[in-house]
Amino acid sequence: MKRFRRHGQESHRDRIKQELYQFNKTVEHGFPHQPSALGFSPSLQLLAIGTRSGAIKLYGAPGVEFMGLHDENAAVTQIHFLPHLVELVTLLDDNSLHMWTLKAHKGVSELLEIGRFTLTGPPGAPPSVTRVTAVLAHSSGELLLLGTEGGHVFVVEVPGFRELEERNISLEIVTHSIPEEYGGRRSLEHVESLQENPANPQQVLIGYGRGLMVIWDLDCQSAVKHILATQPLESVWWTEDGLRVLSSHSDGSYCRWSVAGLDTQSEQEKSEVPYGHFPCKAISKVIQLPTKQGPPFLLFSGGMPRASYGDRHCITVIHSKTHVALDFTSRIIDFFVIRDGPDQAGEPSALVVLVEEELVVIDLQTEGWPVIQTPYLVPLHCSAITCSHHVSAIPLKLWERVLSAGALQNTHYSKKPWPITGGLNLSPDPPQRDLLLTGHEDGTVRFWDASGVCLYPMYKLSTAGVFHTDADPNDNMNQCTEGEWPPFRKVGCFDPYSDDPRLGIQKIHLCKYSGYLTVAGTAGQILVLELNDESAEQAVEATVADLLQGQEGFRWKGHTRLEVREEPVLFPPGFQPFALVQCQPPAVVTALTLHSEWKLVAFGTSHGFGLYDYQQKNNVLVRCTLNPSDQLAMEGPLSRVKSIKKSLRQSFRRIRRSRVSLRKHHVNNAAKLQDANARLEAELAEMELAPVQRKIEARSSDDSFTGLVRTLYFADTFLSDSSHNTPSLWAGTNGGSVFAYQLRLPSVERRAEDLVTAHPAKEIQLMHRAPVVAILVMDGHGSPLPEPLEVAHDLARSPDMQGSHHLLVISEEQFKVFTLPKVSAKMKLKLTAIDGSRVRRVGVAWFGSSCSEDYGESGLTVLTNQGDLHVVSLPGVKMQVHHPCIRREDVSGIASCVFTKHGQGFYLISPSEFERFSLSARCVVEPRSLVEVPHQTPTSLSRAQPDGASEYRNSTRDSDEAAVLQEIQKSLEGGQPSFLENNMKTALTGGKALSNGD
Amino acid sequence: MNKNHRVPSNRTLSAVEVKSKFGAEFRRFSLDRSKPGRFDEFYGLLQHVHRIPNVDLLVGYADVHGDLLPINNDDNYHKAISVASPLLRLFLQRKEEADYSAFGTDSLTRPKKTVLAAVLLRPDANRKKPPVIISLPRDFRPVSSIIDVDILPETHRRVRLYKHGQEKPLGFYIRDGSSVRVTPQGLEKVPGIFISRMVPGGLAESTGLLAVNDEVLEVNGIEVQGKSLDQVTDMMIANSHNLIVTVKPANQRNNIVRSGGGGAASGSSGRSSDSGASFYGYSSSGTAVATTPAHIIQNYHPEEVESDEDDEDLVIEAGGEAVPIPRAASASCSMPALPRYEPHLNLRTAANGALAASNSASSLSALSPTGRGLEGRSQEEDGTVITL
C-alpha cells in the first residue's frame with residue numbers, strides 16, 4: 001500500500017515538474033559571429049545572413065526571425081532567394097548547394113532545409129569544372145544557373161535540383177562566338193558574375209574573370225552579344241531598363257556599356273576610375289538605380305587609392321552632386337539597396353550594408369543620409385562585453401525615464417521606420433518589461449530592452465567622464481573635414497579599441513524601484529549613480545577604502561588607481577554618478593550589491609570587502625580577508641607565475657595584432673598569417689608534450705585567492721536572537737568562509753546625521769573550503785527574502801518574520817541550509833561529490849505553472865562548470881531537472897551566463913551574440929512569426945508538384961529523405977489551404993497596418 | 001578524569017606524570033621526559049610498580065584523541081612519552097585476556113562508551129576469544145584501509161584514505177589514459193583515468209595501496225566512467241577528507257586470491273603498459289559496470305562515509321567561542337580556557353591562534369578522552385584558520 005502511495009506521489013510530483021520546468025534555447029540576440037554572406041528578398045522583405053560556421057539567419061520586421069544551421073560545418077558563401085518565392089538557395093564553402101523554405105506550421109513559419117545538391121561534372125573532370133563561383137536564381141523561379149571556376153555555366157532545375165545538361169553553356173561554345181583576336185589562346189577564367197536582363201528574362205549576362213562578358217539567350221541557346229573588357233572583372237550590374245551594363249574591375253575602374261543596339265559587340269560608353277590617378281584597389285560591387293526625376297544613384301564598394309586609403313572599408317554613394325565615401329570600421333561583406341513601392345521598383349530608400357561586425361542601414365531619402373537605428377542585429381560587442389546584469393519587471397516609471405534619456409542620445413539617427421518589414425510578428429506582447437545591462441571594456445554600460453525577441457538598445461551610460469584617461473575628448477566618430485578627397489564619412493558603432501582597460505565594468509547592480517545604480521570596475525572603482533532627467537554639472541566625491549588595513553610586506557604590482565577629475569563634470573540626463581569609492585589596492589571588484597532602502601553599497605575584491613554609506617558618503621566597514629601568505633592575490637594581475645592560459649592568450653593576441661596589421665598593409669599577408677599559425681601550432685604542440693595531469697589535494701587555507709570575496713548579500717533577518725530581526729550584511733569568500741555583520745541603521749529622521757555601524761556577528765568556515773558562490777536567507781515560509789523596496793512598492797508579499805529563518809550557503813561544491821540565528825546545519829545537497837561538476841552561476845527564480853495561473857514555486861537556477869543547467873527547489877534544496885546547455889569547453893559562455901528572476905537566462909555564444917534560454921514552462925520568449933507566401937504566378941503553381949524523387953542524384957538516402965519531405969509538403973499544402981488563407985487574411989490586414997504606419 | 005589532576009605548570013617541567021591502571025588498581029609515578037629509557041626497562045618498571053612480576057602484559061595508553069594505542073617497542077614507547085601532556089595514562093592487560101581489536105581503531109566514530117570500557121570494564125567472563133595475533137598496528141591511527149574485499153572482483157581494490165587532521169598531503173596526481181576492456185564484440189579501447197604520480201611522503205604513497213598507473217574506477221562509490229579528468233579531480237577534492245577510490249592496480253600480483261570460482265578472466269589480464277592501457281576481465285568488472293550504471297555498490301555505506309565529515313563547518317559567534325556545528329553542545333562546556341574571539345584581530349596571528357587552539361584542545365582531551373574525542377579532532381582539522 002505504502003509503496004503504491006509513494007509511487008503516486010512521485011508521479012504527481014513529476015507532473016508538477018512538467019508544468020513548471022521546460023528547457024528551450026529560444027532566440028539568439030545580437031549580431032551573428034563572422035557573417036559571410038548576405039541575401040535579400042524584395043518580395044518577402046526578408047534579409048538573410050549566412051555565417052562562417054554554416055548558420056543562416058532570416059530577419060524581417062522587428063520580431064520576425066528565423067534561424068537554420070547547415071549540417072556541414074562550412075561557411076555560407078552565397079545566399080539567393082528565388083524571386084517571388086519563399087525558397088532560398090545557399091552555397092557553402094564545400095561547394096554544396098542547399099534549398100531552404102519557410103513553411104507554416106500551426107500558424108507559425110519555420111525555416112526548413114528541403115534539399116541539397118552538389119554539382120557533378122563529367123567523369124574525370126578536374127574539380128574546378130564544378131566548383132561554383134556564381135549563382136543566378138532565375139526570375140522564373142524554375143532555373144538556377146551555376147557558373148563555375150572552370151568557366152562553364154550549368155543549368156539546374158529547382159526545387160528538385162535536376163541538372164538540365166542540354167542547356168548547359170560550355171566554355172567552348174562561348175569561345176567560338178567571340179572574335180579570335182580577343183580570345184586568343186588564353187583562358188577566359190572562372191565565371192565571375194551571372195546577371196539576368198531585368199527587361200528580358202531570357203537574356204543572361206555571363207561575366208568571366210578575365211573581363212569578357214557575354215549575353216546569352218536561354219531560348220535560342222546562343223550568345224547574342226559580347227562585351228570585350230580588358231581588365232579583370234569584379235562585378236556586373238544590368239540597369240533596370242536593360243539597355244546598359246555596368247562592370248567593375250580590379251584596377252578600381254568601372255565601365256558603362258550600351259547593349260541596346262543590334263551589334264554583336266557592345267560599345268563602351270564610359271570608363272572611369274573614381275579615385276584614380278594613383279593605383280586603386282578593386283571595385284568589388286557596383287550598383288546603379290534610377291530615380292523618378294533626376295540622376296540615378298550609383299553605389300560601389302572599394303576602389304580606394306591603394307597606397308593612402310587601401311585599408312579603408314568604404315562604400316561610395318553618388319547621387320547628383322552628392323558624393324560620399326561611407327567609411328566602415330570593419331570589412332564589408334555585401335550590400336544592397338531597398339527601393340520604395342510594392343514591387344520594389346520605386347525610389348531607392350535605404351542602403352543596407354553588412355560589414356563583418358555590424359549591420360548598417362542608411363536612409364537615402366533624408367538629407368545627409370543619416371543612419372537608421374537597427375531594431376535587431378545590434379552589435380553587442382561595440383566594445384567587448386565584460387559583464388551583464390538582468391533586472392526583471394521594471395516599473396513603468398523607470399522604464400520611461402530610461403527611454404527618454406536614451407532618446408536624447410539618438411538624435412543623430414534617421415526618423416524613418418525600419419525599412420525591412422517582411423513577415424508578421426505573432427508573439428504575444430511581453431508580459432513585463434525586462435532590462436539587460438551589459439558592462440563593457442571601455443567603461444560604458446548599455447541598457448537593452450530584453451522583454452521580447454528583439455534586444456533593443458535603450459540607453460548607453462559612459463563612466464569614463466569621471467576619470468582622467470588618455471582618451472582624446474575630441475575623438476568624434478562623425479568628423480568630416482571640408483574638401484577632403486575621398487569624401488569620407490565614418491559610419492557604424494563598432495569600436496573594439498578601449499582607451500584604458502582599467503575603465504572596464506565588472507559588476508553592475510540596479511535598484512529598479514529607486515533608480516539607483518552602482519557599477520564597479522577593473523581598477524577597484526565603485527560608482528553610485530542616480531537617475532536624473534535633467535543634465536547636471538557636479539563633482540564626484542571620491543572615498544578611498546583601504547582593504548589591506550595595515551597588512552605589511554605587501555607590494556601591489558598591478559595597475560594604478562584611476563585618477564578622478566577634481567573639477568565638476570557635466571553629465572547629460574540619465575544616470576549621473578554622485579559618489580565614488582576607490583579600493584586600495586585597486587584590484588578588480590569581484591562582488592557588489594546595493595540596498596537602496598538602507599542606502600548602502602557593499603563591494604569586495606581579492607583583498608577584502610567594504611560597506612559604503614552613499615547617503616553620508618563614508619565607509620561604514622572595511623574588512624580584510626586576505627591570507628597574509630597569499631602572494632598571488634597580493635601582487636595583483638602582474639604575477640611572476642606565468643600560466644599556460646596566459647601564454648596561449650598572448651600568442652592569440654600576437655596573431656590578432658598581426659592580423660590587424662595585415663589588414664592595414666595587405667602585403668604578403670598570407671605569409672604572415674602562415675607564420676603566425678605555425679607559431680601557434682608549435683606552442684600547442686609544446687603544450688601537448690607535457691602530460692595533462694591533475695593534482696589531488698584537499699583544499700587548504702594556504703591556497704591562493706582564498707580571501708577573494710565572491711558574493712555579498714544584504715538581509716533583514718534574525719542574526720543574533722530569534723525575537724529581533726536586524727539588517728545584516730553577508731560576505732562569502734573563495735576559501736569557503738562566510739562573514740556576517742549586524743548593521744545598525746539610524747532612524748529615518750536621523751539617517752543623514754547618525755552613523756551607520758556594523759558589528760561582526762558570525763563567521764562560518766565551511767569544512768570543504770570550496771568557494772562560496774551565493775548566500776541567501778529564506779523566511780519562515782521558506783521563500784527567499786524579497787528585494788529591498790519590493791514590499792514597499794506592494795510588489796512582493798512581506799516576508800514571514802514569525803517563523804524561523806534559514807540561511808542557504810551555496811558553494812561551488814554543495815548547497816547547505818543552516819538554521820538562524822543559531823547557525824547549525826539543517827540539510828544539504830552535494831553536487832561535486834556526486835557528479836564532479838561545480839556551481840558556476842546561480843540565480844533565484846520563480847517558476848509559474850503553465851497549467852494553473854496561481855501555482856508557482858521558488859527555485860534556484862544553477863549553471864555548472866560542465867555547462868549543465870539545474871533547477872534546485874527551495875527551501876528543500878532538491879534537484880528538480882537538469883539539462884545540458886553550454887559546451888563545457890566554452891568557458892567564456894559559461895562565465896557570461898546571467899539568469900532572470902523568471903527562469904530564463906542569457907549567455908554569450910560569441911563575442912557579439914547572446915543566446916536566450918528558458919527553464920520555465922510558463923515564461924518563454926521566442927520568435928513566433930509568419931511569412932506570407934507571395935502571390936504565386938501560374939508558372940510557379942505548376943511547378944509546385946515536382947515529379948518524384950528521381951531528380952535527386954546525390955544518393956538514394958537523400959532522395960528518400962527528399963521524397964518524404966515532399967510528401968509532407970504535399971500533405972501540408974493539400975490539407976491547409978483554408979487555414980493558411982485565414983491566416984493570410986489576417987496577415988494581410990496586419991501588413992497593411994504596418995505599411996500604413998510607415 | 002577530573003580537572004584537579006591538572007597541574008598547569010607540568011608541561012614546562014621535564015617530568016611526565018604517569019597514571020597506570022591494571023584491573024581495578026591504579027599506580028602513579030613519574031618519568032623523565034628527556035630520558036625515557038628503553039621499552040624493556042619501562043616494562044619491567046610497570047611489572048614492578050603493579051607488583052605483578054610474572055604476568056605477561058599488554059601495555060596500552062590513551063593518546064590525545066582518546067584512542068587506545070599499544071606500547072610494545074621503543075618507538076611507540078617514546079612516542080607515548082613525547083605526546084603525554086601532561087598526563088600519560090596507561091592501561092595494562094594480561095596478554096592472554098587482551099582484546100586486540102580495541103587497539104588502533106578509529107575509536108572516535110565508534111560508540112564512545114565502549115572504547116575503553118570494552119577493554120577495562122567488561123567482565124572477563126563474557127570476553128570473546130581473542131583473535132589470532134598477527135601483529136599489532138605499527139602506526140597508531142588508521143591512515144588507510146582496503147575495504148569491501150568480499151564484494152569486489154579480485155582484480156579491483158577499494159582503498160580508503162583517512163585524511164583527518166593529518167598534516168600529510170593526499171599526494172597523488174591523476175591523468176587521462178586509455179584502458180582496454182573485453183566486451184562481447186571483442187577488445188575495446190575506452191578512455192580511463194589513471195594515477196600518474198605519487199608525491200614522496202604523501203599519504204597515498206605512504207599507504208602503499210595505490211601506485212602509478214593504477215586505473216581509477218570509482219570515487220566514493222560513484223563510477224568515473226564517462227567523466228572528464230577535471231570532473232574526477234573535482235570529485236576527489238570534494239571527497240578529500242575521506243576519500244574512497246576503487247582502483248584496478250597496475251600490478252595485479254599482490255591481489256588477494258580468493259578460493260572458489262569467479263574472476264575467470266582475471267588471470268590473463270592485469271598488466272598495465274606504459275601508455276596506460278590495462279585489461280579487464282569482462283566477467284568481473286565488465287558486467288558489474290554494465291548492469292549497474294552510476295550505482296552505489298551494495299556494501300558501500302553512505303552513512304558511514306557521511307558520519308565523520310558531517311557538518312564539521314566551524315561557526316564563530318561574535319563574543320563567543322569557536323563552536324563546531326555538530327552535536328558539540330554537550331562538550332563545549334569544557335572549553336573555558338579558550339581565548340575569547342577578537343573580531344578585529346589581525347589575520348597575521350591566525351597561525352599562532354591555531355596552534356594555541358590545538359594545544360589547548362589536546363590538553364583538554366587528554367584529561368577527558370571519552371567525551372572529548374570528536375570535538376578535539378574537529379578543532380584540529382579546522383583549527384588552522386580559526387581567528388582566535
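So that the names make sense, note that chain A is the first sequence line, chain B the second, and so on, each numbered from 1.
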Please determine, among [options], the option with the most heavy-atom pairs under 4.5 Å with chain A.
options                        : answer
B:L243, B:V199, B:L229         : B:L229
B:A238, B:S240, B:S228         : B:A238
B:I195, B:V219, B:T233, B:I174 : B:I174

Do you know which two heavy atoms are closest between A:R838 and B:D234, and how far apart they sit? NE-OD2, 2.9 Å

If I take atom CG from residue B:L314 and atom CD from residue A:Q765, how far apart are they, to the nearest 0.5 angstrom? 7.5 Å

Rounded to the nearest 0.5 Å, what's the gap from CD1 on A:I696 to CZ on B:R197? Could you check? 12.5 Å

Largest heavy-atom contact set with chain B, pairs under 4.5 Å, which of A:R888, A:Q866, A:H759: A:Q866

Is any side-chain heavy atom of B:I237 closer than 4.5 Å to one of A:E813? yes

Any heavy-atom pair between the side chains of B:M235 and A:I834 that's under 4.5 Å? no

Salt-bridge present (A:K816, B:D313; N to O < 4.0 Å): yes

With sequence neighbours excluded, what pairs up with A:Y713 under the ring-ring contact (aromatic ring centres under 6.0 Å, His included) test? none

B:S196 and side-chain hydrogen bond (donor to acceptor under 3.5 Å, both in side chains): which single residue from A:K695, A:R694, A:Q693 fits? A:Q693

Less than 4.5 Å to any heavy atom of chain B: does that hold for the side chain of A:N865, its backbone, both, or neither? side chain

Proximity breakdown for A:A770 and chain B, heavy-atom pairs closer than 4.5 Å: neither

Please check if the side chain of A:E697 supplies one atom and the backbone of B:L170 the other of a donor-acceptor pair under 3.5 Å. yes

